[in-house]
Amino acid sequence: MKYDVVVVGSGPAGSATARFAAESGAKVLIIERRQEVGVPVLCGEGISRKIDEWDMLDGKRWIAGKMEGARIYSPDGTMVKLSADVAGNETGYVVYRDIFDQELARQAIKTGAKIMMNTTVVGLLKDKDKIKGVKAKHFDEEIEIEADIIVGADGVESKIGQWGGIDTTLKTKDLETCAQYTLTGIDCKDAYCDFYLGKEIAPGGYIWVFPKGKDVANVGIGVLASLSEAGMAKKLLDDFIDSHPELKKGEPIRFLAGAVPVANPVDTVRDNLILVGDAARHVDPITGGGLTHCLEGGKIAGEVIGKAVKAKDFSADFLSEYEKRWKEAFGKKIKRNYLVKEIMLDMEDKTFNMLADSLKDYKFDQISTLGLVKALVLKHPTLLMKLTPLLKLSEGKEKDT
Ligand SMILES: Cc1cc2nc3c(=O)[nH]c(=O)nc-3n(C[C@H](O)[C@H](O)[C@H](O)COP(=O)(O)OP(=O)(O)OC[C@H]3O[C@@H](n4cnc5c(N)ncnc54)[C@H](O)[C@@H]3O)c2cc1C
């Protein structure tokens, strides 16, 4: 078997890449080890409304609910309310991730990509050091598939990068361990995504409640692996649910456990190789949200691959246009948010409480560094010292933009 491109993984990053590569005329094969695209779901299912502008999904079947915004609860329960426009990557829609992923795969197939399910890629085919394709297992059968470009869209546990000579090792301080229930039989009063912070309730992470309907919500937790131990994420989530009567009355119709990289991105190109999505560590290190970057990065990757196939040039040099463009699109933001994550990890709960108290009445639609500083300092002057590193980063951001 010979293709221009083999995409390993049929998640959003893989399908978006496959779609735009196929649209540019490349002969594309997606390989997926699961027996059904998007199943099992490993996601809080929140996504920004940014995706409306990209027009990558047809219809509305993938939407469980349209959110009005987000509420962030500090450790002492002070609430800061944000509209969907300023709330970040995970508030806009709550989706059905299985349908979402299947819709993206359908779009890829509609543009000409092929897909092979129940097939696990077990290694790269190489001629000396040159990547020539993949070795895979389809049930008990071992197969070899040749391709000019291999796309590692194989998620947080990615192997493709390592096999291709890219160090994708994650430190425990750069990995969130997650657990989530989908609870039914609860009252979701309004369309807000709720985030709960605090070293006690979720060390190095947060708890989320994302409504999927009037009586269904995803209630999940992320805990930084370096601050966690076996079973801790589930236990803290159970404690949280037990202490919230409105959630405690619910019944779980789904439980999941997974991991999210909250790291700096890795190198994403080598000769004949590209990494996208979680495999590239394209996740927002503060929120753990990766979906928008999967789509944006996948589109860029697909377009560059299309050009490479036309030019018959699969060198890292040619493919580096992908790396240049994703860095412009969202790379600076990931780098900055990684630094913010590090600073936030050193902050005490009482600092978050003071922050929330200062910001609870702030009009975020007029957000500016100066306005924020005024709001913070007027109420809690001591915050200025604690937040100096964050404010320095934010000055950098204003210069960038
Ligand atoms: C609990 C949890 C909650 C989250 N909540 C949110 C959220 O609310 N919003 C948000 O934006 N992000 C969220 N994320 C992150 C988001 O789910 C990921 O960023 C996103 O799924 C990454 O997509 P991807 O295409 O890179 O990889 P994946 O979706 O992980 O897809 C990788 C695919 O590759 C396949 N694969 C892997 N290895 C092989 C192999 N060797 N051969 C063949 N196939 C292979 C896998 O089976 C899988 O289908 C959450 C993550 C977790 C774990």
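Numbering of ligands and ligand atoms starts at 1, following listing order. Heavy-atom basis, side chains included; hydrogens, waters and symmetry copies ignored.
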Would you mind running through ligand 1 and noting each atom that sits below 4.0 Å from a heavy atom of [X]?
| X | answer |
| --- | --- |
| Ile31 | 43 (C), 44 (N) |
| Gly288 | 12 (N), 13 (C), 14 (N), 15 (C) |
| Thr119 | 42 (N), 43 (C) |

### Task
Mind checking the OG1-CG spacing from Thr172 to Leu227? Nearest 0.5 Å is all I need.
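Rounded to the nearest 0.5 Å, the OG1-CG separation comes to 8.5 Å.
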Of the listed options ([options]), which comes nearest to [atom] when hydrogens are ignored and any heavy atom counts?
| atom | options | answer |
| --- | --- | --- |
| atom 29 (O) of ligand 1 | Gln35, Arg97, Glu32 | Arg97 |
| atom 13 (C) of ligand 1 | Ala279, Ser15, Cys43 | Cys43 |
| atom 40 (C) of ligand 1 | Leu256, Asp284, Val41, Val121 | Val121 |
| atom 1 (C) of ligand 1 | Ala13, Cys178, Gly290, Ala233 | Cys178 |
| atom 51 (C) of ligand 1 | Val276, Val122, Val260 | Val260 |
| atom 3 (C) of ligand 1 | Gly297, Gly44, Ala153 | Gly44 |

### Message
Polar contacts were defined as any N/O atom of the residue lying under 3.5 Å from an N/O atom of the ligand; does this apply to Glu45 and ligand 1?
### Response
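Looking only at distances, the answer is yes, because the N/O contact criterion of under 3.5 Å is met.
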### Task
May I ask you to check if Lys81 and Tyr192 form a cation-pi contact, with NZ or CZ under 6.0 angstrom from the six-membered ring centre and within 45° of the axis?
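Yes; both conditions hold, so Lys81 lies above the ring face of Tyr192.
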### Task
Cation-pi check, Lys66 to Tyr93: give yes when NZ or CZ is under 6.0 Å from the six-membered ring centre and within 45° of the ring axis, no otherwise.
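Not satisfied by the 6.0 Å and 45° rule.
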### Region of Ala259 engaging ligand 1 - heavy atom pairs below 4.0 Å
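The backbone, only.
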### Query
Asp317 and Ser315: side-chain donor and acceptor closer than 3.5 Å?
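There is no such pair (donor and acceptor under 3.5 Å, judged by atom type) between the side chains of Asp317 and Ser315.
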